Q: 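A single structure is presented below for examination.
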Amino acid sequence: MAKITTREYTTVTEVAGPLMVVEGVEGVAYGEVVDIEIPTGETKRGQVLESRKGIAVVQVFEGTRGIDTLSTKVRFTGDILRMPVSMDMLGRIFDGLGRPIDGAPDIIAEEYRDIAGAAINPTARAFPNEFIQTGISTIDGNNTLVRGQKLPIMSGAGLPHNELAAQIVRQSKVRGTQEPFSVVFAGMGITHEEASFFMRDFERTGALERIVAFINLADDPAIERIITPRMALTAAEYLAYTCDMHVLVVLTDMTNYCEALREISAAREEVPGRRGYPGYMYTDLASNYERAGRVRGSKGSITQVPILSMPDDDITHPIPDLTGYITEGQFVLSREMHRRGIYPPVDILPSLSRLMNEGIGPERTREDHRGVSNQLYAAYAEGRDMRDLVAVVGEEALSARDRRYLEFADRFEKEYVTQGKDVDRTIEQTLDLGWNLLADQPEGELKRIDEKHIKKYHPKYRKA
């Protein structure tokens, strides 16, 4: 193995946004770590973003403030960006670049890992099929989360996605095992208030002991946001595949991450894609999302719940649009439901879990799960249609059947969707709640549920 050598230059020729151009360089590689000493004596870190003959473009993690073209020293280390990992990470809080910010000392590393990770061989992937119980009815009953899945929360500014994510973190468990989820939390461009909310919630519930947190605040350099999720996912891969732990990764807010990508792209004067975002944003997002999953022969797993706030609540915006292509569904939060005081305001109609059917049924949840979920969805969709019809013709014009579905939609939101932030429902409680709502419908209309399940679980027959 060739010996790693460092090279030092003072030939900075240009500084633009988070980027710095160094000329007259030799043997510089893409992704190489750079130490930058500015005239005040402060040292910043960076990474080679582009390398061609005699020129290197460096992205500076702490921002380019204080860098000049006369006396700044640039040292190319000859190594890629790595982070120290060990079980000591649990219960610790780091900044966006992996430096401790909780007042405790640096961790003693078991090893140093490349933050870019290694692609999982598709043939080595195990298919996700183990039900994760979050205790939230709209998720467990209708959009089931499965171990090893990536399932984003698509929200909007001012909606309670942070509260929902914190509840998922507190309550998630794999049924049939006593193995709790370890949680890796990455905050990108979040406010001090949001960061303190998560930390207070984790401390209050005792969850902090099993959490590794990486915090990049809104007033931290935007360029750090490119590194933060990769740091978090590297920690998750160590815990999952080396330490055989089940890991839940929460990434918030992916919109801030994509804005940082756009900033770097603009500084490099690249040809913009949709709405100014770089054309490679799909590939870049996939390099993060695809680090979730299960690997054959490993007990551990990584389940991802990315959070993104859709600009103008537009689900066709490039960020949610591309995320939807890569991930296996989405939870969509409704502003209209939030305004009516419904928590969590999960709208089940546009929400989807593509792996749901693999994680439910006998020996996983309950045999009637799929039928009840489909019937609830159909009845609620019809009730929502009746609301639109009432706005046009008035409730008096509805038939008795139409009024029944209109009432069902109201009851569904009040009794099934709505639950407290500390309410942890089992899947049995969720399904029984669904049956109580469906009990008011004629049996002849329960066409999506197997007849033997109606005879077994319908409240009318259970009482008998």
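This is a predicted model, so every value here is computed, not measured.
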Q: Using a strict cut-off of less than 4.0 Å between a Lys/Arg side-chain nitrogen and an Asp/Glu carboxylate oxygen, indicate whether R125 and E290 qualify as a salt bridge.
A: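 A salt bridge links R125 with E290.
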
Q: Ignoring hydrogens and angles, tell me if any N or O in the side chain of Y377 forms a donor-acceptor pair with the backbone of L349 under 3.5 Å.
A: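 Side chain of Y377 to backbone of L349: a pair is present.
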
Q: Restricting to salt bridge (charged side-chain N to carboxylate O under 4.0 Å, His left out), what partner residues turn up for D88, sequence neighbours left out?
A: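 Partners of D88 under the salt bridge (charged side-chain N to carboxylate O under 4.0 Å, His left out) test: none.
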
Q: Would you please name every residue forming a salt bridge (charged side-chain N to carboxylate O under 4.0 Å, His left out) with R296, sequence neighbours left out?
A: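 Once residues adjacent in sequence are excluded, R296 has no partner under the salt bridge (charged side-chain N to carboxylate O under 4.0 Å, His left out) criterion.
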
Q: Hey, are S137 and R425 close enough side-chain-wise for a donor-acceptor pair under 3.5 Å?
A: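 R425 vs S137: donor-acceptor pair found between side chains.
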
Q: With sequence neighbours excluded, give me every ring pair (Phe, Tyr, Trp, His ring centres under 6.0 Å) pair touching residues 266-319.
A: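 Matches after skipping sequence neighbours: Y277-H317.
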
Q: Under 3.5 Å, which donor-acceptor pairs do the side chains of residues 17-30 form with other protein atoms, sequence neighbours left out?
A:
none

Q: Assess whether a salt bridge exists between D422 and R170, defined as any Lys/Arg side-chain N lying under 4.0 Å from an Asp/Glu carboxylate O.
A: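 Result for this pair is yes, salt bridge flagged.
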
Q: Quick test of your reading: applying side-chain hydrogen bond (donor to acceptor under 3.5 Å, both in side chains), list the pairs with at least one residue in residues 160-169, sequence neighbours left out, ordered by first then second residue.
A: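 Every side-chain hydrogen bond (donor to acceptor under 3.5 Å, both in side chains) pair that includes a residue of residues 160-169, provided the two are not neighbours, is S155-H161, N162-E194, Q167-Q171, Q167-Y343.
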
Q: For residues 212-229, which side-chain N or O atoms pair as donor and acceptor with protein atoms under 3.5 Å away, sequence neighbours left out?
A:
{"residue": "N216", "atom": "OD1", "partner": "G189", "partner atom": "N", "Å": "3.0"}
{"residue": "N216", "atom": "OD1", "partner": "R225", "partner atom": "NE", "Å": "2.7"}
{"residue": "N216", "atom": "ND2", "partner": "E224", "partner atom": "OE1", "Å": "3.2"}
{"residue": "D219", "atom": "OD2", "partner": "H192", "partner atom": "NE2", "Å": "3.3"}
{"residue": "D220", "atom": "OD2", "partner": "L217", "partner atom": "N", "Å": "2.8"}
{"residue": "R225", "atom": "NH2", "partner": "L217", "partner atom": "O", "Å": "3.3"}
{"residue": "R225", "atom": "NH2", "partner": "A218", "partner atom": "O", "Å": "3.0"}
{"residue": "R225", "atom": "NH2", "partner": "D220", "partner atom": "O", "Å": "3.1"}
{"residue": "T228", "atom": "OG1", "partner": "G96", "partner atom": "O", "Å": "3.2"}
{"residue": "T228", "atom": "OG1", "partner": "E224", "partner atom": "O", "Å": "3.0"}

Q: Any side-chain donor-acceptor pair under 3.5 Å between T144 and R364?
A: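 Per modelled atom types, T144 and R364 side chains form no pair under 3.5 Å.
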
Q: Keeping the roles fixed (side chain from Q59, backbone from Q47), state whether a donor-acceptor pair exists under 3.5 Å.
A: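 A pair under 3.5 Å: no.
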
